[in-house]
Student: 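Could you have a look at this structure, given as structure tokens, before my questions?
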Amino acid sequence: MDLSKLNEMQQKAVRTVDGPVLILAGAGSGKTSVLTNRIAYLIEECGVDPYNILALTFTNKAAQEMKERVERLVDADLRFMAISTFHSVCAKFLRYDAELLGYTNSFTIYDSDDSLSLIKRLCKDDYYYGIKPAAARHLISRIKNGLSSENEAVEGLPEELNRRMKRLFEAYNEELIKENAMDFDDLLLNMLRLLKENEGLREHYQERFRYVLVDEYQDTNRIQYELIRIISEKHRNIFVVGDDDQSIYGWRGANIENILNFEKDFPGAAVIKLEQNYRSHQKILDCANAVISRIENRKDKIPWSARTEGEKVKLYYAPNEYSEGEFIARKIKEIREKGIQYRNIAVLYRTHTQSRVIEEKLRMYGIPYRIYGGTSFFERKEVKDIIAYLTLINNQNSDMALLRIINVPRRGIGQTTITRLTEYAADADMSLFEACLNCDTVGGAAMSKIIAFMELMNDLMERSHEMGPSELIDEIIERTDYRSTYEDEERDVRDARDANIEELKTAAMRFEAEDEDNALTEFLSSLSLITDTDTMDENEGVTLMTLHSSKGLEFDTVFISGLEEGLFPSSRSVDEGRIDEERRLCYVGITRAKDRLFLSRSLSRNMYGSGPSDTMPSRFIKDIPARYLEDLSTVMRREKTDLFDSPRKETVRPGFSFRKKAEFVPKATENAMDFKIGDTVEHNAFGRGKIISISGTGDQRIATVQFMNQQRKLFLAFAPLKIVED
DNA sequence: ACACTGTGAGTTTTT
DNA sequence: CTCACAGTGT
């Protein structure tokens, strides 16, 4: 095999086949090449069967890319090689043995949105009053990842609330099992449980995976660490690649200790450092090193550039965020004229909210852009609705899915009915779906509607055996008249929704050719594990994304915007002692750039509509020696006088508000008013009109009134109506 | 049952 | 500011 394109250290990394190996791969040091070449080397030179290889990544995109690159390097059947994300691998293996854990093999994967709405549902119970669902979700995840103990009190929370939190944790897990669903953490946790508790399975996987490779090792959490440890226990061929300086997911459980302690955890480990950087020129690396070297506990690495010196890094202070955006737009135009394609340019920011102003300016300058993150395709309402239908067809225990669509499109099943069903289901210890099947016992006014819904679902479930997911989607749309849910929207909104559904169908088609039986399960599984950057297309356009999602990518030109204290580093991270992670995030951002790097800051910023306020420069700017930087600012620098010479901006609020109007309060006594068909009436808002018809009794008496320009149905008991004598 | 309105809360990052 | 939710009106 030809390894001549690799440098000495890279070759060593590829050839060190046996035993534990830690590769400390600095940014841009060619770690993907090392990984793919090593896999190829194992297959070609060492005669390893691809079936015995397990390669784990964090994103589907990375897995995909790795697989493609290996395919190009070797001439072997790779269908049985496991190159995939931690979560997908676990989901896949769990489907074989789900029964051992009390699940069926078509269990549903709940994403974090789903988890949240499940928690909200549980929190409706008065017992959990005072618990914030989002906080609870975070805590539950921490507990599952072994970061908090179930019994450990949450600081600052009263004892009573802690007890309830613990109960909520249990209730949440019970409910998941009842709904035949796993959340993201469960995928890893249950796989680990299976391996720990079932000797046969453990030995099976240990025997199978003679070579285990892990990408982005610095991002593994405790469960992932335990997983790879147990799987590689037998053959001890564990090869991890990572960069402690790029650990930026600590807040969601990534444990930087995993990489820092690798040599201790896996005695006899070989450690190979890849310090030569092929991506950025030296000036950019100098800046990156200036920022990262302030961290105390890190693996010592000195990335050096294999390239020649380049231009200095540019710094720009803008008076406000609009001119910051304008600066970025103008520079992009300039660079474009030098022949750089838009797709090789990226604008990075700390928070999604910053993108709006930048987008505005790019549009103004006619610069095409692609934006990642925010509400993704799979979070669109119509997409989620259709997925919920599919989920329910696939797994009738998913109350989550049922609740989402039981009244979408509207079929007259409202809150009262749902509460009734929920209570019945809880008493009888059954799913909502079963409760619906028993709706004749449940009673209630909407019974016939539930029966109709159940008949619809029943039909769809039958059809699901005869057709693939994409046809099934058509069937759902048609049978439910789903389009009626958005018939009142604007034309282009309707078109967009249609297009999204079509897109979903296209995605579904990929699963049809293969195993027909599991197509639906597989499709749903892949949908829950997909991410935004996975669907990145190669179309022309400047890339706008958060610093986090930029990890692993590279661009000719990179703009990092909003370098301000409080924003980047975020005040929250500073407050919570996670400044090092912000620093690493900055390092990640800087090292995305190959040729040109722009750092910008706005002297004043409008944070969530409370009016513009002055900012302080990010400490990261101050960490970079001035000799590495070229200041392009045109505004006066006035750091020291900031407090004095900017206009006092006391937020002016009107002392009174026009919001509250004198209200017409209908009195019950006015019910006594005897409305008759043909009466002329006066309405507070609509003016004069004539009663055309009256129906209903008591509080539910409704009059249809023809006003000047419109006809309205009004509750006589509530409407501000008076009879006018004429 | 549902649409609408006003209020309150929360704004980091995501498999 | 923008979203989600509760409360209110029909």
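In what follows, chains carry the letters A, B, and so on, assigned in the order in which the sequence lines appear, proteins first and then strands, with residues in each chain numbered from 1.
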Student: Can you measure Y249(A) atom OH to dT15(B) atom P for me and round it to whole angstrom units?
Tutor: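 Atom OH in Y249(A) sits about 7 Å away from atom P in dT15(B).
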Student: For the rings on H87(A) and F58(A), is their centre-to-centre separation under 6.0 Å?
Tutor: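 They do not qualify: ring centres at least 6.0 Å apart.
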Student: Begin from the C-alpha positions of R605(A) and E324(A) and carry the test salt bridge (Lys or Arg N to Asp or Glu O under 4.0 Å) through to its verdict.
Tutor: CA-CA 10 Å; R605(A) 188 174 290 273; E324(A) 183 187 26; 2.9 Å; yes
Student: Quick check: on DNA chain B, is the nucleotide nearest S573(A) upstream (toward 5') of the one nearest T416(A), or the reverse? Name the residue that is more 5'.
Tutor: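 Result of the comparison: T416(A).
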Student: Checking contacts here: which listed nucleotide (dA1(B), dT2(C), dT13(B)) is nearest the side-chain heavy atoms of W251(A)?
Tutor: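 Taking heavy atoms from C-beta onward, the closest nucleotide is dT13(B).
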Student: Counting only side-chain N and O atoms of R410(A), is one of them less than 4.0 Å from OP1 or OP2 of dA3(B)?
Tutor: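 So the side-chain polar atoms of R410(A) do come within 4.0 Å of the phosphate oxygens OP1 or OP2 of dA3(B), strictly under.
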Student: Is it the case that atom CZ in R363(A) sees more than 12 heavy atoms from other parts of the structure closer than 6.0 Å?
Tutor: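 Enclosed: over 12 neighbouring heavy atoms sit under 6.0 Å from CZ of R363(A).
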Student: Check the distance between dT15(B)'s P and I109(A)'s CD1 and give it to me in whole angstrom.
Tutor: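 Rounding to the nearest Å, CD1 of I109(A) and P of dT15(B) are 14 Å apart.
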Student: Please list, pair by pair, any protein nitrogen or oxygen found under 3.5 Å from a nitrogen or oxygen in nucleotides 4-6 of chain C.
Tutor:
unit_1 : atom_1 : unit_2  : atom_2 : d
dC5(C) : OP1    : K120(A) : NZ     : 2.8

Student: Find the distance D215(A):CG to dT15(B):P and express it as a whole number of Å.
Tutor: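 About 15 Å, once rounded to whole Å.
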Student: Could you give all pairs that pass the ring pair (Phe, Tyr, Trp, His ring centres under 6.0 Å) test and reach residues 559-578 of chain A, with sequence neighbours left out?
Tutor: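 Ring pair (Phe, Tyr, Trp, His ring centres under 6.0 Å) check on residues 559-578 of chain A returns F559(A)-F598(A), F568(A)-F620(A).
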Student: Whole angstroms only, please: what is the CZ-C1' distance between R356(A) and dC1(C)?
Tutor: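 Answer to the nearest Å: 7 Å.
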Student: Taking only residues two or more places apart in sequence or in another chain, which ones pass side chain to side chain donor-acceptor pair (under 3.5 Å) with Y110(A)?
Tutor: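 In terms of side chain to side chain donor-acceptor pair (under 3.5 Å), with neighbours along the sequence ignored, Y110(A) is linked to E179(A), S398(A).
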Student: Would you kindly give the CG-to-P distance between L116(A) and dT14(B), to the nearest whole Å?
Tutor: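 So the CG-P distance, L116(A) to dT14(B), works out to 16 Å.
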Student: Name the nucleic acid region contacted by K132(A), choosing base, sugar-phosphate or nothing; use a 4.0 angstrom heavy-atom cut-off, strictly under.
Tutor: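 Result for K132(A) = sugar-phosphate.
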Student: Measuring to OP1 and OP2 of dT13(B), would you say a side-chain N or O of H352(A) lies under 4.0 angstrom away?
Tutor: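 Yes, H352(A) has a side-chain N/O under 4.0 Å of OP1/OP2 on dT13(B).
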Student: With nearest nucleotide decided by heavy atoms, which residue, T353(A) or T546(A), maps closer to the 5′ end of DNA chain B?
Tutor: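 By nearest-heavy-atom nucleotide position, the 5'-most residue is T353(A).
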Student: State whether the side chain of Q218(A) and the backbone N or O of D243(A) hold a donor-acceptor pair below 3.5 Å, judged by distance alone.
Tutor: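 Yes; judged by distance alone, with no hydrogens or angles, the pair exists.
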Student: Can you tell me if N407(A) touches the phosphate of dC2(B), counting only side-chain N or O atoms and a distance under 4.0 Å to OP1 or OP2?
Tutor: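 Yes, within the criterion.
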Student: Is any NZ, NE, NH1 or NH2 atom of the basic residue among E257(A) and R222(A) found under 4.0 Å from an Asp or Glu carboxylate oxygen of the other?
Tutor: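 Salt bridge flag = no for R222(A) with E257(A).
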Student: Round to the nearest Å and state the distance from M545(A) atom CE to dT14(B) atom C1'.
Tutor: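 Nearest whole value for this atom pair: 13 Å.
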Student: Starting at CG of L187(A) and ending at C1' of dT14(B), how long is that distance when rounded to a whole Å?
Tutor: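 Going from L187(A) (CG) to dT14(B) (C1'), I get 14 Å.
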Student: Answer yes or no: does a side-chain N or O of S549(A) lie under 4.0 Å from OP1 or OP2 of dT14(B)?
Tutor: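 Yes, because at least one side-chain N or O of S549(A) sits under 4.0 Å from OP1 or OP2 of dT14(B).
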Student: Give the nucleotide from the list dT15(B), dT11(B), dC1(C) with an atom nearest to the side chain of R572(A).
Tutor: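 Given the options dT15(B), dT11(B), dC1(C), the side chain of R572(A) is closest to dT11(B).
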Student: Classify R584(A) by what it touches in the nucleic acid, base, sugar-phosphate, or nothing, heavy-atom distance under 4.0 Å.
Tutor: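 The answer is nothing, as R584(A) stays clear of every strand by at least 4.0 Å.
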Student: Over all strands shown, is S88(A) touching base, sugar-phosphate only, or nothing at heavy-atom distances under 4.0 angstrom?
Tutor: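 If one applies the 4.0 Å heavy-atom cut-off, S88(A) turns out to touch nothing in the nucleic acid.
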Student: Which whole-number value in Å describes the distance from L567(A) CG to dT13(B) C1'?
Tutor: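 One finds 12 Å between C1' of dT13(B) and CG of L567(A), rounded.
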Student: Is there a side-chain polar atom (N or O) of T417(A) under 4.0 Å from OP1 or OP2 of dA1(B)?
Tutor: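 The answer is yes; a side-chain N or O of T417(A) sits under 4.0 Å from OP1 or OP2.
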Student: Closest heavy-atom contact between M66(A) and T57(A)?
Tutor: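 Residues M66(A) and T57(A), closest heavy atoms: CE-CG2, 3.5 Å.
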